[in-house]
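Report on one structure; see the data block that follows.
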Amino acid sequence: MDNTNYEHIPAEKFEFAQLDSEIHDKKLETKSRGYFADAFLRFRKNQSSVVAAIIIGLQLLYAIIAPIISPYSVFDKDNIYKNYPPFVESIANLGIGILDGGVVHASQNEASLAYWNAIGEETGMNPVIGIVGTDTTITRIRGKDTEVTTYRLKTNKYYETGIMYRVFSYEDFEKIQQYQNETGIQIIYPYVEPADIEGISDNPNIWYKVTDSKGTPERDANGNLIPAYSTKKSIEGAEYNSIRIPGDDGSYIYSVMKSGSVQCRVCYYNYYRYMNGRKPTYIFGTNSVGQDLFCAIGVGARFSIIFAILVSAINLTIGAIYGAIQGYYGGTIDLVMDRICDILANVPFIVVATLFQLHLAPKVGVVPSFLFAFVLTGWIGMAGLTRKQFYRFKSQEFVLAARTLGASDWRLMFKHVFPNSLGTIITSCALVIPGVISSETTMTYLGIINISDFAGTSIGTLMSQGQTSMTVSPHAMFFPALFFSLLLISFNLFGNGLRDAFNPSTRGVDD
């Protein structure tokens, strides 16, 4: 060896760096990061998944809080306010065009406009919000082309209900009078005998004299409507000792006696306040059975989410154990167990759910039988996924090393192989939840399963009810469908984020 290359190296370079010191491993200056902390760090970088998680959280919060803060329960059903639009009186009075209970009526002529205004004149709650447009058509009348103008009116549907006929016992009639005296709120209005209104049927909102069967109002010299209220001389009414409408000199009769009861004209809006102790307030409107949609969607979503999580947890447990045994042992055990999965997988879910509903539900209940239908075949996909992951990891070096050190089969399966499969399994489980919600909603939407008696309602039931009136009351379909769509989309994006976050190959990668 040629030593000339080292002749210029200083001698101190060949001295020991430490002669009498003990050498120890230095403590790590950075904090160690766990598996889930590392996964969460990667999950945060997926913005769409983070937004989806926030939306899911808000929907879960809504499902919990909405039925609590709503003044109604899911079992409160109003027979009059069906398919009524969103309405909050305090916001409607601001005139900003939202939550005003507004609907648009096309082809309204002068008589129709007078009819709506007359409701407001009598009750003090004018249903006419405004004229949103006019339409002019040419109509041939008596051999001449005549220009006819009609209006598109936006009206408050709650106010336009106006006056209705109601039959009360004498006791209830007295209680309403007492309520009127205490609150000053007029519920009972003067009676109008239908025979006194020429050519008009017993429409309780026609309280004025008309000139024809179309309802054209008759007016006095000042252009005011002429009341057609009945007096005590014309019909026999029950005794009335309560507040009267302005202009009543005591001659108007407020009821007519019929077979031990009294029939009255009542302002339904005020009668609703009397019966419920509050004004009608429906943030999302009502559906075809008169339920508050704000509360009903929360109740339906609560059931759907809890049911889906329960089904997913059961299927994850069964599928993970079954697939782990298949994938770990393989061979004949895997072959036999796989054939069992093939048989169950070919049983149509809708057939299972229908048969369970017909034969099992009367014995154990609708919801348990529905749960059994999901569990019967729902775990097969999870088992197949777990089986593939075990085939992938069971021959890896770290598994062979653990087996060499004497690890048991159970420890190898669930301590070494299963954690490495956890990312894919968790992702699959997160994607199973929207699948269960979708299936449950479809079954209740089609009417195959009816859980209303158990849960009060469901998202599928609400959409089915909204479909029947979608053309006239689109809100009854829109709000449940919007909630359902957001839930499914968010869960899918959330599941994709979990898949990337729990991927073992990207652990520790910060970019």
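The analysis underlying the following values was restricted to heavy atoms, covering all of them including side chains, and did not include hydrogens, waters or symmetry mates.
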| Think R302 forms a cation-pi with Y62, using NZ or CZ under 6.0 Å from the six-ring centre and within 45 degrees of its axis? | no
| query | For the atom pair CG (L446) and CE (M463), what is the distance rounded to the nearest 0.5 Å? | reply | 10.0 Å
| said: Just so I know, are the side chains of R219 and I226 near enough to count as touching, which here means a heavy-atom distance under 4.5 Å? | reply: no
| query | ring pair (Phe, Tyr, Trp, His ring centres under 6.0 Å) with H475: which residues, sequence neighbours excluded? | reply | none
| request: Taking side chain to side chain contact (heavy atoms under 4.5 Å, CB included) as the test, write out the residues that go with A308, two or more places apart. | output: I433, V436, I437
| task | Go through the steps to decide whether N450 and V366 satisfy the test side chain to side chain contact (heavy atoms under 4.5 Å, CB included), and finish with yes or no. | result | CA-CA 8 Å; N450 183 9; V366 175; over 6 Å; no
| task | To the nearest 0.5 angstrom, please state how far the CG atom of L493 sits from the CG atom of N46. | result | 8.5 Å
| query | Quick one: are L153 and L113 in side-chain contact, heavy atoms under 4.5 Å? | reply | yes
| said: What verdict does the side chain to side chain contact (heavy atoms under 4.5 Å, CB included) test give for Y282 and Y81, after you've listed the backbone C-alpha separation in whole Å, the side-chain angles of each residue and the deciding distance to 0.1 Å? | reply: CA-CA 10 Å; Y282 297 103; Y81 293 154; 4.2 Å; yes
| Taking only residues two or more places apart in sequence or in another chain, which ones pass ring pair (Phe, Tyr, Trp, His ring centres under 6.0 Å) with F491? | none
| remark: Those residues at least two apart in sequence (or on a different chain) that pass side-chain hydrogen bond (donor to acceptor under 3.5 Å, both in side chains) with T354 are none
| task | Write down the atom of R265, the atom of P204, and the distance for their closest heavy-atom approach. | result | NH2-O, 2.6 Å
| For Y151, all residues meeting ring pair (Phe, Tyr, Trp, His ring centres under 6.0 Å), sequence neighbours excluded | none
| said: Quick one about Y254 and D248 (side-chain donor to acceptor, distance below 3.5 Å, no hydrogens or angles considered), yes or no? | reply: yes
| task | Give a yes or no on whether a salt bridge exists between R244 and D249, defined as a side-chain N under 4.0 angstrom from a carboxylate O. | result | no
| Got a sec, which residues hit salt bridge (Lys or Arg N to Asp or Glu O under 4.0 Å) with K279, two or more places apart in sequence or on another chain? | E89
| task | Calculate, to the nearest 0.5 Å, the distance between atoms CG and CD1 belonging to L60 and I306 respectively. | result | 9.5 Å
| said: For the residue pair S312 / N315, report whether a side-chain donor-acceptor contact shorter than 3.5 Å exists. | reply: no
| query | Hey, are T155 and E160 close enough side-chain-wise for a donor-acceptor pair under 3.5 Å? | reply | yes
| message | I'd like to know if the side chain of T161 pairs up with that of Y84 as donor and acceptor (distance under 3.5 Å, no hydrogens or angles considered). | response | yes
